[in-house]
Number of protein chains: 2
Amino acid sequence: MTDLNNLISPFYLKDKEIRKIIEIIFFSYRDFTEGPDRVLEKLNFGRAHHRVIYFVGKKKNITIKNLLRVLKITKQSLSRVLNQLVKEGYITVSTGLDKRTKTLLLTDNGYNLEKKLSSIQTNKIKTTLGNFNEDAINSFKKILFEMIETDNKRIFQQLNE
Amino acid sequence: MTDLNNLISPFYLKDKEIRKIIEIIFFSYRDFTEGPDRVLEKLNFGRAHHRVIYFVGKKKNITIKNLLRVLKITKQSLSRVLNQLVKEGYITVSTGLDKRTKTLLLTDNGYNLEKKLSSIQTNKIKTTLGNFNEDAINSFKKILFEMIETDNKRIFQQLNE
DNA sequence: ATAATTAAGTCAATATGACTGACCTAAATA
DNA sequence: TATTTAGGTCAGTCATATTGACTTAATTAT
């Protein structure tokens with residue numbers, strides 16, 4: 001049986017149109033990560049390193065635990081990536097007030113790499129958004145934000161407090 | 001030195017705001033793929049299998065070569081995933097008119113799995129978009145589409161001819 | 001003061017998705 | 001006939017992630 005919804009929903013909510021959105025999301029995300037990936041490759045780093053650098057840069061003195069909450073990977077996975085970044089001088093580790101915890105901070109090199117990687121993405125976004133008005137941009141942000149699960153919306157907001 | 005652009009650009013194009021968009025893209029994409037991933041896990045498939053099933057479903061009788069063009073992976077990478085899908089009865093392979101080529105088609109099982117996986121995503125999109133008006137939705141689609149590189153825009157359009 | 005919990009780390013094994021490089025066959029095209 | 005194209009395969013490697021088991025040190029609860 002065909003979807004009854006399709007009989008009453010407007011054109012832009014029909015299945016074929018929604019599937020196009022799936023594809024647009026797939027292609028745009030792939031292109032969005034491709035730029036940084038190419039830079040990381042030369043350093044023998046991967047996308048996982050970018051994420052760590054990004055969020056350590058975002059939340060100075062973030063703890064391992066909170067970083068894991070954001071990244072939603074296991075500590076074993078983080079361990080390898082983080083140790084490489086520390087060993088190669090992009091991140092420093094200190095002991096937190098709670099002495100069980102460790103806090104992370106970008107070094108100057110780490111800051112520079114973060115800037116280099118993120119600016120590829122911010123430039124792409126700026127260039128794209130430059131062709132749209134404020135209303136369109138707000139709609140874009142709101143819709144994308146609403147596609148995030150509740151728990152992760154909270155994490156996003158905590159990151160931006 | 002701080003970015004001179006920031007002195008003249010509007011609030012919503014300032015670096016801090018653009019960085020929020022990077023995060024929203026990261027979180028929303030992760031949540032977008034999470035649903036299908038959980039279903040695939042039970043079948044001992046991964047996201048790569050989903051992509052193959054999706055695009056074979058999209059373009060009936062697609063050739064290996066064209067599938068590789070869309071996926072942008074090596075034939076060795078595709079080989080493993082595709083062979084599993086054929087062996088487990090989700091996809092059938094035939095010889096094309098040009099007898100060097102092979103064409104791919106979903107079986108009934110493949111169609112059902114495709115539907116199951118994609119409907120998780122289409123439902124999520126439908127639910128989210130339901131709260132927005134047509135203008136907002138069009139802005140969302142246009143901006144996301146403009147973030148795709150030219151070559152891949154063409155591939156997207158060929159898929160939807 | 002002791003017990004329980006928490007934060008972090010480590011060892012080992014495994015899966016998935018991707019890559020490079022080399023090489024092969026068969027069919028189509030120049 | 002020679003070259004190109006479509007597809008396949010073998011082998012090795014790498015990156016990202018997982019589960020499970022276990023340890024240490026510090027904090028918190030009883």
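Chain identifiers are assigned alphabetically (A, B, ...) following the order of the sequence lines, protein sequences preceding nucleic acid strands; residue numbering begins at 1 within each chain.
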Heavy atoms from C-beta onward define the side chain here; which of D:dT16, C:dA7, D:dA17 lies closest to that of A:I73?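 It is D:dA17.
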Sub-6.0 Å ring centroid separation between A:Y90 and A:F45: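 Here the rings of A:F45 and A:Y90 have centres that are less than 6.0 Å from each other.
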Would a hydrophobic clustering, with Ile, Leu, Val, Met, Phe, Trp and Tyr connected at side-chain separations under 4.5 Å, put B:L129 with A:F11?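 In one cluster: yes.
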Are B:Y111 and B:L43 joined in one hydrophobic group, where the rule is that I, L, V, M, F, W and Y side chains link up if heavy atoms are under 4.5 Å apart?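 No, B:Y111 and B:L43 fall in different hydrophobic clusters.
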Mind checking B:T74 for me? I need base, sugar-phosphate or nothing, with any heavy atom below 4.0 Å counting as a touch.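 If one applies the 4.0 Å heavy-atom cut-off, B:T74 turns out to touch a base.
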Over all strands shown, is B:S79 touching base, sugar-phosphate only, or nothing at heavy-atom distances under 4.0 angstrom?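 Contact class for B:S79: none.
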Along DNA chain D (nearest heavy atom to each residue), the more 5'-positioned of A:R51 and B:T103: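 Its nucleotide being nearer the 5' end, the pick is B:T103.
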Closest-nucleotide 5' rank along DNA chain D - winner of A:K75 and A:R47: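 Checking each residue's closest nucleotide, the 5'-ward one belongs to A:R47.
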Quick one: A:F45 CZ to D:dT16 C1', roughly how many Å, whole number?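 Rounded to the whole Å, the gap is 15 Å.
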Roughly, in whole Å, what's the span from CG in B:D98 to P in C:dA27?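 Computing the B:D98:CG to C:dA27:P distance gives 10 Å.
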So, applying salt bridge (charged side-chain N to carboxylate O under 4.0 Å, His left out) with B:E23, which one of A:K59, A:K58, A:K141, A:K153 is it?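 One option only clears the test, and that one is A:K58.
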Per the atom types in the model, does the base of D:dG20 pair as donor or acceptor with the side chain of A:Q76 at under 3.5 Å?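 Pair found.
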Parallel, tilted or perpendicular: which one describes the rings of A:Y54 and A:H50, with boundaries at 30° and 60°?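 Rings of A:Y54 and A:H50: perpendicular, over 60°.
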How are the rings of B:F55 and A:F26 set to each other: parallel, tilted or perpendicular (split at 30° and 60°)?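 Rings of B:F55 and A:F26: tilted, as their planes differ by 30° to 60°.
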Please report the end-to-end axis angle for the helix from C:dA1-D:dT30 to C:dA30-D:dT1, five pairs per end, rounded to 10 degrees.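 Answer rounded to 10°: the end axes differ by 30°.
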With nearest nucleotides of DNA chain C determined for B:R100 and A:I64 from heavy-atom distances, which residue corresponds to the more 5′ nucleotide?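 Looking at the nearest nucleotide for each, A:I64 comes out on the 5' side.
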